[in-house]
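First comes the structure, then the notes that go with it.
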Amino acid sequence: MSSPAHPPLPPDHLAHLARRAGLPLPSGRLADVAATVHAIDTVLGSLRDVPLGETPPAPSFTAVPGAPASRRTS
Amino acid sequence: MSHLPSEPYRLSLTEAARLIANRSLSPVELTASVLDRAEAVEPKLGAYVSVAREAALRSAAEAEREIAAGQLRGPLHGVPVALKDLIDVAGVPTTASSRVRADHVPDADAAVTERLRAAGAVLTGKTHTHEFAYGLTTPQTRNAWSPEHIPGGSSGGSAAAVAAGAATFALGTDTGGSIRVPAALNHVVGLKPTYGLVPRHGVTSLSWSLDHVGPLTRTAGDAALVLQALAGPDPRDPASLAHPREDYTRALGTPVAGLRVGIPANYYFERVQPQVATAVRAAVDALTALGATAVPVRVPLTEYVHAAQWGLMVPEATAYHQDMLRAAPDLYADDVRILLEAGEFVPATDYIRAQRTRTLMHQRWLALFDGTDDAAGHGGIDAIVAPAVPATAARAGQSEFTWPDGSAESVSDAYVRLSAPANLTGFPALSVPVGRDADGLPIGMQLIGRPLSEATLLQLAHAYETAHRPVPELAPL
């Protein structure tokens, strides 16, 4: 993998982010949640390597009621 | 089977439908047999959250009356079905196998419940799921073939029930393999349809981008009959496809000569138990002996499957649970709670990257099937044939697999690994039993097709079953 390793998230940084998100995290949980966040960040890191070009996000919304978003099936 | 068996719970859906249609078998008799079997095996299996015995027998009696009056609705009429406890049934709790939802009683049926009722199916009860579908082990339930092993998940209860004869068929959901994994581990058929083909209205969500609803059955022919009843548009589900009803049984029994099956040269046979690989390759040989053509293929973008799956599922699951997690965090099991908490901190731009990766993957997979991808022209394929899961059932409490190359992988990651591509691309995928390992644990292959090619997948699976597994076995509980 060519992308830089993700730094671990210090528990006190996580506490601040959790407060910002309105998610009460007891102090006893911070270390484990931070470790899980780090594990997720490490997995998601490879998304930075995908050759996306101009590819748009997968559509989940269409403005026209009753008509499906354009879906090529075959 | 041309005569009425003494134990109707052993009948496949196809057989039961035939006997009900010719009045040899009463729905009441069949339902009572299945309910008695469920009661007998439940202490060892732990498949059901709740069984609705009286309601089921009433439905069966009503089915019997209608059929006697010449009003046979179709092959599901009078046949017992179990629903994964994420699927709403009016007036019955949808617990999601969670203390958070213990008292959550919906007012209305899910769309699939409505369709099963319209088909005359008899609801036996609700089966265990890994809590909120957010896991691959379903700890409350045991593998139907071995009490020391997990059934897989998250539709573990549904798979175990069908495998044991405690339901003639069942419904599950599949976000990262949750129909196909327990189907493979319990020696039953599991179908994840094309994304959007079966409506999800009234089904508790794990990840809107990846969730699918589908059947678990004894045979491919059974799965075709159930899909027949479930598929079709529903305006209440924004992801629902405006695809007209089709006959999913139409190709069953048609020779497979001329069908091209792609055998992955990468990803799907890497870090796989040798017995699993051997059994699946033997099944490929069986398909070619039946007339299909096997073509080696390279599956695109596999190095990003794990990241794309997590990049979508983790934030979406957290988003769904945001309010409940703040209101009642202690009611969640630890493994689910920590993922829901951690999901608050995934950057939005990573989520969007995952959505863009999904678009790219979908385009590249269509090109693979069309034969227009980067690889040297192989003329296109009709299906990929590969292992459904890289390993047979893990032991209860086992946390990791160790692979021949020395690497270790969590049980959950291993089971999601071969499932996730079909969730990301939305291509239909069918898990089919192909044997058991030296310890007697089931092995499954998966057939992955183009969007809306379920009839072809069922055709291939039916051909294989007819030649190699003509009578579905029940787990010997």
Side-chain angles (χ1 to χ4, degrees), chain A residues 1-3 6-11 13-26 28-74, chain B residues 194-196 208-209 233 235 238-243 301 303-312 314-315 318 322 325-326 329-330 334 337-347 349-363 366 369-370 413 424 426 449-453:
Chain A
M1 181 164 46
S2 61
S3 55
H6 288 264
L9 183 63
H13 286 200
L14 179 65
H16 173 77
L17 291 173
R19 279 193 297 275
R20 184 171 168 245
L23 175 67
L25 277 183
R29 292 192 66 76
L30 288 173
D32 286 343
V33 176
T36 304
V37 171
H38 182 231
I40 293 168
D41 283 347
T42 305
V43 170
L44 299 191
S46 70
L47 291 175
R48 313 275 164 96
D49 297 330
V50 183
L52 290 170
E54 300 296 307
T55 309
S60 61
F61 174 80
T62 179
V64 180
S70 168
R71 270 175 252 267
R72 188 181 155 219
T73 54
S74 62
Chain B
T194 304
Y195 184 75
W208 293 281
S209 293
S240 174
L241 289 174
H243 179 68
L301 299 174
E303 63 269 42
Y304 306 116
V305 167
H306 192 189
Q309 175 80 14
W310 281 33
L312 297 179
V314 170
T318 293
Q322 265 193 327
L325 186 63
R326 283 152 180 74
D330 295 329
D334 283 343
R337 179 179 174 179
I338 202 158
L339 285 171
L340 295 176
E341 289 166 335
E344 278 286 354
F345 309 105
V346 175
T349 46
D350 280 355
Y351 174 75
I352 294 167
R353 276 195 170 265
Q355 288 287 14
R356 297 178 68 194
T357 303
R358 182 190 199 188
T359 302
L360 192 65
M361 222 171 251
H362 183 254
Q363 290 167 353
L366 285 174
F369 274 71
D370 289 346
D413 282 353
L424 287 161
R450 272 194 193 79
L452 299 175
S453 67

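Letters A, B, ... are given to chains in the order of the sequence lines, protein chains preceding strands, and every chain is numbered from 1.
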Would you name the heavy atoms of [X] and [Y] that are closest together and state the gap between them?
X: A:Leu52; Y: B:Thr357; value: CD2-N, 3.6 Å
X: A:Val33; Y: B:Phe345; value: CG1-CE1, 4.5 Å
X: A:Ala58; Y: B:Thr359; value: N-OG1, 3.0 Å
X: B:Arg356; Y: A:Thr55; value: NE-O, 2.5 Å
X: A:Pro57; Y: B:Ile352; value: CG-CG2, 4.1 Å

- prompt: Side chain, backbone, both or neither: which part of B:Glu303 has a non-hydrogen atom closer than 4.5 Å to chain A?
  reply: backbone
task: Tell me, for B:Glu344 versus chain A, whether the close heavy atoms (under 4.5 Å) come from the side chain, the backbone, both or neither.
output: side chain
query: At what distance, to the nearest 0.5 angstrom, does CZ of A:Arg48 lie from OG1 of B:Thr349?
result: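 One gets 6.5 Å once the value is rounded to the nearest 0.5 Å.
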field: Atom pair CG (B:Asp350) and CG (A:Asp41), whose distance is rounded to the nearest 0.5 Å
entry: 7.0 Å
Taking every heavy-atom pair that is under 4.5 Å apart, which of [options] has the most such pairs with chain B?
options: A:Leu47, A:Val37, A:Leu44; result: A:Leu47
options: A:Thr36, A:Leu25, A:Leu17, A:Leu23; result: A:Leu23
options: A:Ala39, A:Ala34, A:Pro24, A:Pro51; result: A:Pro51

query: Does A:Arg29 reach the side chain of B:Ile338, with side-chain heavy atoms less than 4.5 Å apart?
result: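 They are in contact (side-chain heavy atoms under 4.5 Å apart), so the answer is yes.
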- prompt: Which atoms of A:Leu9 come close to chain B, meaning under 4.5 Å heavy atom to heavy atom: side chain ones, backbone ones, both, or neither?
  reply: neither
query: Looking at B:Gln322, B:Arg358, B:Glu341, which has the largest count of heavy-atom pairs under 4.5 Å with chain A?
result: B:Glu341
